[in-house]
Amino acid sequence: MSKGLPKRSENYSEWYNELVKKADLAENSAVRGCMVIKPYGFAIWEKMQQELDRMFKETGHQNAYFPLFVPKSLFEAEEQNAEGFAKECAVVTHYRLTNDPDNKSKLIVDPKARLEEELVVRPTSEAVIWNTYKNWIQSYRDLPLLINQWANVVRWEMRTRLFLRTAEFLWQEGHTAHATKDEAITETKQMLDVYAQFVEEFMGVKVLKGQKTESEKFAGAVDTLCIEAMMQDGKALQAGTSHFLGQNFAEAFDVKFSNNEGKLEYVWGTSWGVSTRLMGALIMAHSDDQGLVLPPKLAPIQVVIVPIFKGDDQLKQISEKADTITKELRSKGISVKYDDRSTHKPGWKFAEYELKGVPLRIAIGPKDMENGTVELARRDTKEKTVLQLEEAVAKIPELLETMQAEIFNRSKEFTSSNTHETDSWDEFKDIIENKGGFVSAHWDGTAETEDKIKELTKATIRCIPFDGDKTSGKCILTGNPSSQRVIFAKAY
RNA sequence: CGGGGUGUAGCACAGUCCGGUUAGUGUACCUGGUUUGGGACCAGGGGGUCGCAGGUUCGAAUCCUGCCACCCCGACCA
């Protein structure tokens with residue numbers, strides 16, 4: 001492991017790229033735009049999955065799995081959706097390779113093995129799933145249908161960045177069908193709340209809930225709700241979306257049900273997803289120039305114990321203490337690692353675990369053995385205290401909770417102190433260009449104005465916030481009437 | 001997909017302009033020893049299709065052509 005990370009203040013994006021690699025989260029692969037998620041990074045993703053999966057199940061959803069490939073004819077059935085993704089689809093056209101007649105050691109795509117119908121590698125699964133739902137739904141008694149799947153999807157991106165935008169990524173996609181419009185809308189909101197709760201409570205990242213504008217919404221949806229988070233460089237990151245699909249997919253795939261009066265109606269749909277992009281949000285929201293800062297609830301290792309010793313005898317004594325601490329903490333459900341390697345010096349280990357964002361570090365050395373103490377260090381504040389061993393162990397569960405809460409509070413304060421309200425176009429431009437963060441401003445509601453603002457400032461409307469200022473005013477750009485403020489920002 | 005840059009040991013780089021012994025440095029790695037309260041030190045050692053494929057040449061990391069990958073800036077997007 002080489003020393004040092006670029007400074008956030010000097011080059012934020014380089015800092016991010018290096019951090020992802022040096023903290024062993026992920027790396028680029030031999031495949032363009034696709035990443036290898038390394039064990040430590042995947043451990044964090046697994047923790048996210050675990051919590052989300054629990055929350056989905058608590059709200060009545062079941063997991064299932066649908067195919068990776070979508071026949072082109074199915075894919076194009078819902079036109080808006082198909083058009084929205086057409087430009088970034090990987091397509092399977094052949095099913096066999098064969099030896100190159102000109103060079104026996106090489107393989108070529110067998111021209112005789114062309115598929116009759118091309119298969120689209122799913123950029124999202126609405127098409128296959130709704131095509132299946134057609135067979136699953138006959139009566140109102142089959143509704144609601146509440147399904148989630150954990151899967152990989154492919155979107156052929158021009159420019160990729162580890163976790164934030166990769167050609168293949170992992171996500172979950174919920175797809176539900178309902179008898180009434182109201183029920184589907186309620187589901188859409190409920191799942192947005194689940195996401196917001198997860199991101200705030202477990203990831204410790206403050207989010208803003210709102211609705212996407214017409215031009216930013218999911219192709220094929222009636223409405224798209226979203227949560228937006230602010231990164232340390234002031235840019236916005238869309239952390240999750242929940243779509244009210246109306247009857248668009250039901251009509252496209254002919255999914256009807258008999259209501260309790262025996263009349264046929266189209267079902268109402270929703271879909272919602274979060275992806276490995278959340279890893280990017282987690283990294284960018286809290287980490288510093290020393291490395292990752294992980295909220296305790298998602299840290300694969302919550303406490304690391306580092307012995308400081310001379311010789312085997314001393315190590316043996318310290319190890320006995322460490323074992324006691326480990327057992328006691330584990331019995332409280334805390335994950336602990338004891339790093340007794342003699343191949344690295346303590347200072348090296350300190351730096352290493354800071355890079356990897358381990359929330360708490362316990363150091364035990366000869367002085368501690370004499371005094372019955374340990375040194376306890378917090379990753380987020382770098383605060384170090386020497387405590388009696390029993391006191392330290394007793395304090396840790398509570399301290400982890402405190403850290404979790406404080407990490408969230410810092411994110412919350414950062415977001416609010418970097419959210420500015422303005423009615424002046426000059427000030428708007430100045431904030432977007434020089435300060436960054438969110439800008440709350442009036443907008444006349446037209447796509448033309450939205451585009452124009454994007455062209456002039458690179459800022460987009462991140463959302464029409466639910467709990468924003470609902471008073472009317474004049475559009476920041478055109479001066480036309482506006483019914484409420486919306487949130488502008490530069491975005492990832 | 002456009003503009004720019006980079007590809008040499010696990011990683012970070014020098015060497016390339018101006019072709020010429022055995023391709024070098026730091027770090028990491030292996031062995032032995034001394035060390036251990038914030039990224040240890042000494043000694044010895046191993047590791048290279050110089051991104052890939054062609055070409056020019058007596059001779060190519062170096063020159064030419066094509067391709068691939070990655071990074072930065074744009075357009076597109078979760």
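Within every chain, numbering begins at 1; the chains are lettered A, B, ... in the order of the sequence lines, protein sequences first and strands thereafter. What you see is a predicted model, and the numbers here were worked out from it, not measured in a lab.
If you take atom C1' in C50(B) and the same atom in U62(B), they sit 10 Å apart, rounded to whole Å. A gap of 49 Å separates the P atoms of C58(B) and G74(B), to the nearest Å. As rounded to the nearest Å, G5(B) and G48(B) have C1' atoms that lie 24 Å from one another. Going from the C1' atom of U21(B) to that of G59(B) covers 12 Å, rounded to whole Å. Separation of the C1' atoms belonging to C64(B) and A23(B) is 23 Å when rounded to the nearest angstrom. C70(B) and U65(B) are spaced 22 Å apart, taking the C1' atom of each and rounding to whole Å. With P as the reference atom, G51(B) and G10(B) are 13 Å apart, rounded to whole Å. With both ends at atom C1', the span from U57(B) to C13(B) equals 30 Å, rounded to whole Å.
Within a 6.0 Å sphere centred on CH2 of W150(A), heavy atoms belonging to other residues, nucleotides or ligands number more than 12. With a 6.0 Å radius and a threshold of 12 heavy atoms from other residues, nucleotides or ligands, K189(A) has its NZ atom at or below the threshold.
One interatomic measurement links the two molecules: CE of M158(A) to P of G3(B), which rounds to 14 Å at whole-angstrom precision. When rounded to the nearest whole Å, the span between CG of D451(A) and C1' of A75(B) equals 14 Å. Between the C1' atom of G10(B) and the CG atom of D24(A) lies a distance of 12 Å, rounded to the nearest Å. What separates CH2 of W15(A) from C1' of C71(B) is a distance of 18 Å, to the nearest Å. We find that CE of M35(A) is positioned 16 Å from C1' of C70(B), with the value rounded to whole Å. Look at CD on E455(A): it is 10 Å from P on C76(B), rounded to the nearest Å. Counting to the nearest Å, the P atom of A28(B) and the NZ atom of K22(A) are 13 Å from each other. Rounding to whole angstrom units, CG of residue D289(A) and C1' of G38(B) are separated by 17 Å.
Partner assigned to G7(B) is C68(B), using Watson-Crick or G-U wobble distances below 3.5 angstrom. Under the Watson-Crick and G-U wobble criteria, each requiring two contacts below 3.5 Å, nucleotide C18(B) is left unpaired. Both distances falling under 3.5 Å, in either a Watson-Crick or a G-U wobble arrangement, occur for no nucleotide opposite U56(B). The partner of C50(B) is absent, by the rule that a Watson-Crick or G-U pair needs both atom distances under 3.5 Å. The base-pairing partner of G2(B), taking Watson-Crick or G-U wobble contacts with both distances under 3.5 Å, is C73(B). In this structure, G32(B) forms a base pair with C42(B), meeting either the Watson-Crick or the G-U wobble geometry with both donor-acceptor distances under 3.5 Å. Pair check for A23(B) finds none; no Watson-Crick or G-U wobble contact set falls under 3.5 Å.
Residue K367(A) places its side chain closer to G37(B) than to any other of G39(B), C29(B), G37(B). Among U36(B), C76(B), G37(B), the nucleotide with an atom closest to any side-chain atom of F309(A) is U36(B). Here C29(B) is the nucleotide among U36(B), G39(B), C29(B) with the atom lying nearest to any side-chain atom of H344(A). For W348(A), the side-chain atoms get nearest to G39(B) when compared with the rest of G39(B), U36(B), C76(B). Counting only heavy atoms from C-beta on, K458(A) has its side chain closest to G74(B) among G38(B), G74(B), G37(B). Listed candidates were G38(B), G39(B), U36(B). Nearest to the side chain of E352(A) is G39(B).
Judged by closest nucleotide on RNA chain B, E354(A) is the one of E88(A) and E354(A) placed further toward the 5' end. Between F169(A) and L162(A), the residue anchored closer to the 5' end of RNA chain B is L162(A), taking for each the nucleotide with the nearest heavy atom.
Phosphate contact (OP1/OP2 of C70(B), side-chain N/O of N17(A), threshold under 4.0 Å): absent. An OP1 or OP2 oxygen of C73(B) is reached within less than 4.0 angstrom by a side-chain nitrogen or oxygen of R159(A). At least one side-chain nitrogen or oxygen of K454(A) sits closer than 4.0 Å to the OP1 or OP2 atom of C76(B). Using a 4.0 Å cut-off, some side-chain N or O of N28(A) falls inside it from OP1 or OP2 of C71(B). The phosphate of G37(B) has OP1 or OP2 within less than 4.0 Å of a side-chain N or O from K345(A).
Residue contacts shown for P366(A) include a base, since a base heavy atom lies under 4.0 Å away. Nucleic acid contact class of G84(A) (heavy atoms, under 4.0 Å, all strands): none. Nucleic acid contact class of D368(A) (heavy atoms, under 4.0 Å, all strands): base. Within 4.0 Å of E157(A), counting heavy atoms only, lies at least one base atom of the nucleic acid. When heavy atoms are screened at a 4.0 angstrom cut-off, R361(A) is found touching base atoms of the nucleic acid. Note on T460(A): nothing from the nucleic acid sits closer than 4.0 angstrom, heavy atoms only. Using a 4.0 Å heavy-atom cutoff across all strands shown, L164(A) reaches at least one base atom of the nucleic acid.
Ion pairing between K458(A) and E433(A) fails under the 4.0 Å rule for side-chain N and carboxylate O. A salt bridge between R8(A) and D288(A) is absent, with no side-chain N of the basic residue lying under 4.0 Å from a carboxylate O of the acidic one. Taking a cutoff of 4.0 Å between a charged side-chain nitrogen and a carboxylate oxygen, R155(A) and E168(A) do not qualify as a salt bridge. Here K212(A) pairs with E228(A) in a salt bridge; the nearest charged N to carboxylate O distance falls below 4.0 Å. A salt bridge does not link K349(A) with E352(A): none of the charged nitrogens is closer than 4.0 Å to a carboxylate oxygen. Ion pairing between a basic and an acidic side chain is recognised when a charged N comes within 4.0 Å of a carboxylate O; K57(A) and D53(A) show such pairing.
Under 3.5 Å, the side chain of K384(A) and the base of G37(B) form no donor-acceptor pair of N or O atoms.
The backbone N or O of K206(A) sits less than 3.5 Å from a side-chain atom of S411(A), completing a donor-acceptor pair.
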